[in-house]
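Working notes, structure below.
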Amino acid sequence: MRTMDGQPPGPQAGNTPSRRPLVLAALAGFALGGGVFGLLWALSGVHAGALEDARAACGALDRVGSIPDTTRSGSGRSPTALSAGQLHRMTAARELSAAAAEVDPAYQSLADHIDGVSRMVFSLHFNDLSGQRHLVQAEQLCARL
């Protein structure tokens, strides 16, 4: 069907507004909003999670209880075993401190010291001067958190 001037029915070619600016504005807004949202998501909670892990590691280390120090002369008493609970808490402290250090390198020193303590505990060499120094350092770092 044709109109009297020979054109097909419908709007004229020059009369419809272009949607291109509207589509470009929507795409730009979507990209900008997505970028801001992604940046905020990436930055939120990362270090807070590391701090929580570090505090939990210190809590687990504290719940291990008294770790014997047989480095002093006259303390020939050396325990032959620790309870399973103490060993599990020591493992938890080591793993949580490593997780904190993985997310935030500021906790690497804490992870290193807790790892040194765990090596001493698992080997049952409580006369290890290095292990005892690691314990003191770990406790000092934990006190600062």
Side-chain angles (χ1 to χ4, degrees), residues 1 7-145:
M1 180 174 185
Q7 298 292 327
Q12 300 297 326
N15 293 342
T16 56
S18 174
R19 293 186 197 168
R20 183 174 293 165
L22 181 62
V23 171
L24 289 176
L27 287 175
F30 179 75
L32 182 63
V36 168
F37 180 75
L39 180 64
L40 290 174
W41 178 71
L43 294 176
S44 69
V46 171
H47 295 292
L51 176 60
E52 290 172 2
D53 286 345
R55 285 182 177 160
C58 290
L61 179 63
D62 187 50
R63 287 188 304 277
V64 168
S66 178
I67 297 175
D69 182 358
T70 59
T71 58
R72 297 183 198 109
S73 61
S75 60
R77 183 178 158 259
S78 178
T80 57
L82 296 175
S83 73
Q86 287 175 302
L87 296 176
H88 289 304
R89 287 180 188 96
M90 189 71 246
T91 301
R94 185 185 66 217
E95 294 302 318
L96 284 164
S97 65
E102 184 177 321
V103 173
D104 187 349
Y107 299 108
Q108 187 61 52
S109 179
L110 177 66
D112 292 341
H113 289 301
I114 290 180
D115 182 58
V117 174
S118 72
R119 284 184 274 122
M120 177 184 68
V121 167
F122 292 129
S123 69
L124 297 174
H125 290 121
F126 299 109
N127 60 348
D128 180 12
L129 289 174
S130 176
Q132 292 295 334
R133 278 193 298 261
H134 282 299
L135 178 59
V136 169
Q137 290 294 320
E139 289 171 342
Q140 288 175 352
L141 289 171
C142 286
R144 292 184 210 150
L145 293 180

Test log, rule side chain to side chain contact (heavy atoms under 4.5 Å, CB included), inputs His134 and Met120: CA-CA 9 Å; His134 282 299; Met120 177 184 68; over 6 Å; no

For Leu61 and Arg94: C-alpha separation, side-chain torsions, deciding distance, then whether side chain to side chain contact (heavy atoms under 4.5 Å, CB included) applies. CA-CA 8 Å; Leu61 179 63; Arg94 185 185 66 217; over 6 Å; no

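Atom OG of residue Ser109 and atom CD of residue Gln137 lie 7.0 Å apart, to the nearest 0.5 angstrom. Rounded to the nearest 0.5 angstrom, Gln86 CD and Ser66 OG are separated by 9.0 Å. Taking OG from Ser118 and NE2 from His113, the interatomic distance works out to 13.0 Å, rounded to the nearest 0.5 Å. Rounding to the nearest 0.5 angstrom, the gap separating the CD1 atom in Ile67 from the CE atom in Met90 is 6.0 Å. Interatomic distance, CZ of Arg55 versus CG of Leu51, reported as 4.0 Å (0.5 Å rounding).
In this structure, the side-chain contact (heavy atoms from CB on, under 4.5 Å) partners of Ala60, at least two apart in sequence or on a different chain, are Arg63, Ala92, Ala93. For Asp112, the side chain to side chain donor-acceptor pair (under 3.5 Å) partners two or more places apart in sequence, or in a different chain, are Gln108. Applying the side chain to side chain donor-acceptor pair (under 3.5 Å) criterion to His125, with sequence neighbours excluded, gives Ser123. A search for side chain to side chain donor-acceptor pair (under 3.5 Å) contacts involving Asp115 returns Arg119, not counting sequence neighbours. In this view, Glu139 satisfies the side chain to side chain donor-acceptor pair (under 3.5 Å) rule with no residue, not counting sequence neighbours. Not counting sequence neighbours, the partners of Ala54 by the side-chain contact (heavy atoms from CB on, under 4.5 Å) test are Ala100, Tyr107, Leu110, Leu145.
Put simply, the residue from Asp128, Val117, Asp69, Val121 that forms a side-chain contact (heavy atoms from CB on, under 4.5 Å) with Leu135 is Val117.
Pairing each heavy atom of Ser97 with each of Ala57, the nearest pair is N-CB, 3.6 Å.
Taking the side chain as every heavy atom from C-beta outward, Phe126 and Leu124 approach each other to under 4.5 Å.
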